[in-house]
Novice: 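Here's a structure for you.
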There are 2 protein chains.
Amino acid sequence: MAGIPAYIQIREVLRNRIVQGKYRPHERLPGETALAEEFSVTRMTLRRAVDDLVAEGLLYRSRGRGTFVRARPARADHSRLQSFCDANRALQRTPSSRLLEARALVPDPTVSEALEIDHGQPVFRIVRVRLADNEPVAYHEAYVPCHLIPDMLEKNVEDSLYAIYREYGLTPTTGEQVVEARSVGGEIARHLGLAAPHPVLYVERISRAASEVPVEFLRAYYRADRYSLYMVLKA
Amino acid sequence: MAGIPAYIQIREVLRNRIVQGKYRPHERLPGETALAEEFSVTRMTLRRAVDDLVAEGLLYRSRGRGTFVRARPARADHSRLQSFCDANRALQRTPSSRLLEARALVPDPTVSEALEIDHGQPVFRIVRVRLADNEPVAYHEAYVPCHLIPDMLEKNVEDSLYAIYREYGLTPTTGEQVVEARSVGGEIARHLGLAAPHPVLYVERISRAASEVPVEFLRAYYRADRYSLYMVLKA
DNA sequence: AAGTGGTCTAGACCACCTC
DNA sequence: AGGTGGTCTAGACCACTTA
């Protein structure tokens, strides 16, 4: 089918069977040999598909017993890199934005270093309030090197920036982030609809394209009552 | 060598070469064919080893170009499941604890559900202040089903609980956690050496053994100024 | 054109768990 | 004993990047 690798197609079929409850929580899946036969692939290819779902935390394997569906409340997994829009759609919330600022400037050294550009090089600064179902959830300050996307300001900068990066072949594929607890007041609290001071999750994130080039540096403040991080951990 | 899978041995050899700087940041590794030959294994097996290091964020691949060493400041990665003690040793801090409470009780339904036990079943409740280099960092409330480790209270409950789990063949291998920002006051703030109220990272974590049995449910409060989460993200 | 990583095949033997 | 997942081989063809 259309050049998409077999293991990805199989992975998505299996994912659908899980989320649609065709394979129920704690239920054993058919053996790998049986599934490989069903999809007409080698066991190695079938395993490649299951590997991904295990890494995502949807399935778990037990040697000698089988592969099982993990019983879990539906949650957005934040150990994956995804945009605010995608994350909210996954939670069946409608994302939107309020644009506060969009201009080019020379950033402070912290930003230059995070983006791995020389000090003095200009960046775009996009400040937005992010809403879910029309309720303010986060205050986002995004920084993007001007040389990567010269005509950024002519784009629709109010919606997903990730869509713009994609147009330029700079789809973010990896990233790192640091999460802290902070208390905010003043302007940011006001934009979030909070009486200051209030605890927030403060996130700094670097998003990188496949070539490892830093595409975006983000400083984000999330309302504690409307946002939490969920992650699956492995030893 | 001693029944350890080839891909794990190769992975550790490669890891050493990276941390010891034999392969330098941003440097291209030898091709997969060359490395497979060096270790006298198939390319598939070699790839299995490299897959792990890529997942850990030590390496990255670029189709058509090669496999490269990621240049990153050393940080503790919190997308892995590890005990407070191990996490601190990785940061070269000396961990210690102050035991506040250790007793059996019937927990509230939230705890029973997290541990997947029937309501009314007893659990051990271990409350500790965790310190790094003798400074309070976290307030931990751990819950462990009594039937899993009957003589828990006779063990050294002040140090790593993970060591006790291991004795019983219940080494935690997976887990899930939710991270929130909160403000704490009262007793907890006092134990953390804080003038109330103060923002903290609030973490709820379920740790599971290989069999998926929940071994521990943890409620933790981390001082915002002494603890942050660092994670590597993938698309 | 040559080298790189991405995918895939068709087998094999093993350790482990359950019956 | 039979089924399960864990590991491994020895090839193959492809898309992509760089020179």
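Keep in mind it's a predicted model, so treat the numbers as computed, not measured. Throughout, protein chains are lettered first and strands after them, A, B, ... in sequence-line order, and every chain is numbered starting at 1.
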Novice: OH of B/Tyr60 versus P of C/dT4: gap in Å, rounded?
Specialist: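 Distance, rounded to whole Å: 16 Å.
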
Novice: Can I get a per-line list of side-chain donor-acceptor pairs under 3.5 Å for residues 146-154 of chain B, giving both atom names and the distance, sequence neighbours left out?
Specialist:
| unit_1 | atom_1 | unit_2 | atom_2 | d |
| --- | --- | --- | --- | --- |
| B/Asp151 | OD1 | B/Tyr168 | OH | 2.1 |
| B/Asp151 | OD2 | B/Tyr168 | OH | 3.4 |

Novice: Assign the ring pair B/Tyr222 / B/His140 to parallel, tilted or perpendicular, where the plane angle (0 to 90°) is split at 30° and 60°.
Specialist: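 It falls in the perpendicular class, over 60°.
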
Novice: Using the salt bridge (Lys or Arg N to Asp or Glu O under 4.0 Å) criterion, which residues pair with B/Arg130? Sequence neighbours excluded.
Specialist: none

Novice: Expressed as a whole number of angstroms, how long is the span from B/Arg65:CZ to D/dT18:P?
Specialist: 5 Å

Novice: Tabulate below the donor-acceptor pairs under 3.5 Å that side-chain atoms of residues 23-30 of chain A make, not counting sequence neighbours, or state none.
Specialist:
| unit_1 | atom_1 | unit_2 | atom_2 | d |
| --- | --- | --- | --- | --- |
| A/Tyr23 | OH | A/Arg17 | NH1 | 2.8 |
| A/Glu27 | OE1 | A/Arg24 | N | 3.0 |

Novice: Please give, in whole Å, the distance from D/dG3 C1' to A/Leu29 CG?
Specialist: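 About 15 Å, once rounded to whole Å.
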
Novice: When every nucleotide of nucleotides 6-14 of chain D is labelled 5' to 3' by its protein contacts under 4.0 Å (heavy atoms), B for base, S for sugar-phosphate only, - for none, what sequence of letters results?
Specialist: BBBBB-B--

Novice: Expressed in angstrom and rounded to an integer, what is the separation of A/Leu35 atom CG from D/dG3 atom P?
Specialist: 16 Å

Novice: For A/Val54, enumerate each residue passing the side-chain contact (heavy atoms from CB on, under 4.5 Å) test, keeping only those at least two apart in sequence or located in another chain.
Specialist: A/Val50, A/Leu59, A/Arg61

Novice: What residues form a side-chain hydrogen bond (donor to acceptor under 3.5 Å, both in side chains) with A/Thr173, not counting sequence neighbours?
Specialist: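 Residues passing side-chain hydrogen bond (donor to acceptor under 3.5 Å, both in side chains) with A/Thr173: none at all.
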
Novice: Under 4.0 angstrom, heavy atoms only, what part of the nucleic acid is A/Thr33 near: base, sugar-phosphate, or nothing?
Specialist: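 It contacts nothing in the nucleic acid.
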
